[in-house]
K.L.:
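Here it is: the structure, laid out below.
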Amino acid sequence: TKLKIPVQPGVGVRGLIGTVIKHSGLKTVKVAVKRHYVVPKYRVLVLRTRKLMAHDPLERCKLGDVVCIKGCRPISKRKHHVVTDVMQANVQLGDIKLPELPSFTSGQPPININVLNETYMKQKEEAEGLKLALKEQMETRGVLQRAVKLKKIREKEKQKIRKEKESSGGEDEDTIPSLSTWGDILGRAMK
């Protein structure tokens, strides 16, 4: 019997190829359509799966069949594909193999995993060395910042003492605080 399938114009002749993963009612199957593509920036193969509802007018699809589906007018709310052909019957879901892609290296030999591991370990050691150097630098920077703060505090104290001398008119050298007093002043400034 020849069926009139309302195929949507502009859809490719081949349609989509997928695996039946569920019977979703009378004359309806759920088909998992796998596609893979390469992300050019990272040169990584990515696998994406879409689950589409498809109309099966003859109810000939079984779980695990590889089928060809095409887009058509909406048959129901979520069903707008129709099964055109059962390509391979009763295939386990894990047995489907994707076609091989051309190599990214354009004629170069494949990358050795051991070389990648050695490179990774070298980069990791360099990063740890940089972390240690940065930590030492930050500690040194902290000491320098404390010294700069202490110097500013000393300058402020000296200015206060000079103002007091000018206002009182005396010029005693004994009024400049000793080093032990500077530690107390710094402790108060850090709080």
K.L.:
Give, for atom NZ of Lys158 and atom CD1 of Ile153, the distance between the pair rounded to the nearest 0.5 Å.
P.N.:
13.0 Å
K.L.:
Would Val67 and Val20 satisfy side-chain contact (heavy atoms from CB on, under 4.5 Å), going step by step from the backbone distance to the final call?
P.N.:
CA-CA 7 Å; Val67 296; Val20 177; 3.9 Å; yes
K.L.:
On a heavy-atom basis, which atom in Ala54 and which in Val31 lie closest, and how many Å separate them?
P.N.:
CB-CG2, 4.2 Å
K.L.:
Without swapping roles, check the side chain of Ser167 against the backbone of Glu164 for a donor-acceptor pair under 3.5 Å.
P.N.:
yes
K.L.:
Test side-chain contact (heavy atoms from CB on, under 4.5 Å) on His81 and Cys72 and set out the steps.
P.N.:
CA-CA 5 Å; His81 287 84; Cys72 65; 5.6 Å; no
K.L.:
Hydrophobic clustering (ILVMFWY, side-chain heavy atoms < 4.5 Å, transitive) - are Tyr42 and Tyr37 grouped together?
P.N.:
yes
K.L.:
Would you mind reporting whether Leu16 and Arg50 have side-chain heavy atoms less than 4.5 Å apart?
P.N.:
yes
K.L.:
Can you confirm whether Arg43 sits close enough to Val39 that some side-chain heavy atom of one is under 4.5 Å from a side-chain heavy atom of the other?
P.N.:
no
K.L.:
Where is the tightest heavy-atom contact between Cys68 and Gly15, given as atom of each residue plus distance?
P.N.:
SG-CA, 4.4 Å
K.L.:
Taking the side chain as C-beta and beyond, is there a heavy-atom pair between Leu52 and Lys30 under 4.5 Å?
P.N.:
no
K.L.:
How many angstroms lie between CD in Glu59 and OG1 in Thr28, if you round to the nearest 0.5 Å?
P.N.:
8.5 Å
K.L.:
Any non-hydrogen side-chain atom of Asp85 less than 4.5 Å from a side-chain atom of Val83?
P.N.:
no
K.L.:
Counting N and O atoms only, with roles assigned by atom type, does the side chain of Asp56 sit under 3.5 Å from a partner on the main chain of Cys61, one being a donor and the other an acceptor?
P.N.:
yes
K.L.:
Work out which heavy atom in Met53 is nearest to a heavy atom in Ser24; give both atom names and the distance.
P.N.:
CE-CB, 3.6 Å
K.L.:
side-chain contact (heavy atoms from CB on, under 4.5 Å) for Val66 and Ile17? Distances and angles first, verdict last.
P.N.:
CA-CA 7 Å; Val66 177; Ile17 298 172; 3.7 Å; yes
K.L.:
Under a 3.5 Å distance rule, please check whether His55 uses its side chain to pair with a backbone N or O of Lys27 as donor and acceptor.
P.N.:
yes
K.L.:
Once rounded to the nearest 0.5 Å, what's the spacing between atom CG of Leu63 and atom NE2 of His23?
P.N.:
6.0 Å
K.L.:
Rounded to the nearest 0.5 Å, how far apart are NZ of Lys34 and NZ of Lys51?
P.N.:
10.5 Å
K.L.:
Do Val38 and Val46 have side chains that approach each other closer than 4.5 Å (heavy atoms only, starting at C-beta)?
P.N.:
no
K.L.:
Roughly how far, to the nearest 0.5 Å, is OG1 of Thr19 from CE of Met87?
P.N.:
10.5 Å
K.L.:
Just do the side-chain contact (heavy atoms from CB on, under 4.5 Å) check on Arg60 and Val86 with the steps written out, would you?
P.N.:
CA-CA 8 Å; Arg60 58 185 174 168; Val86 177; 4.1 Å; yes
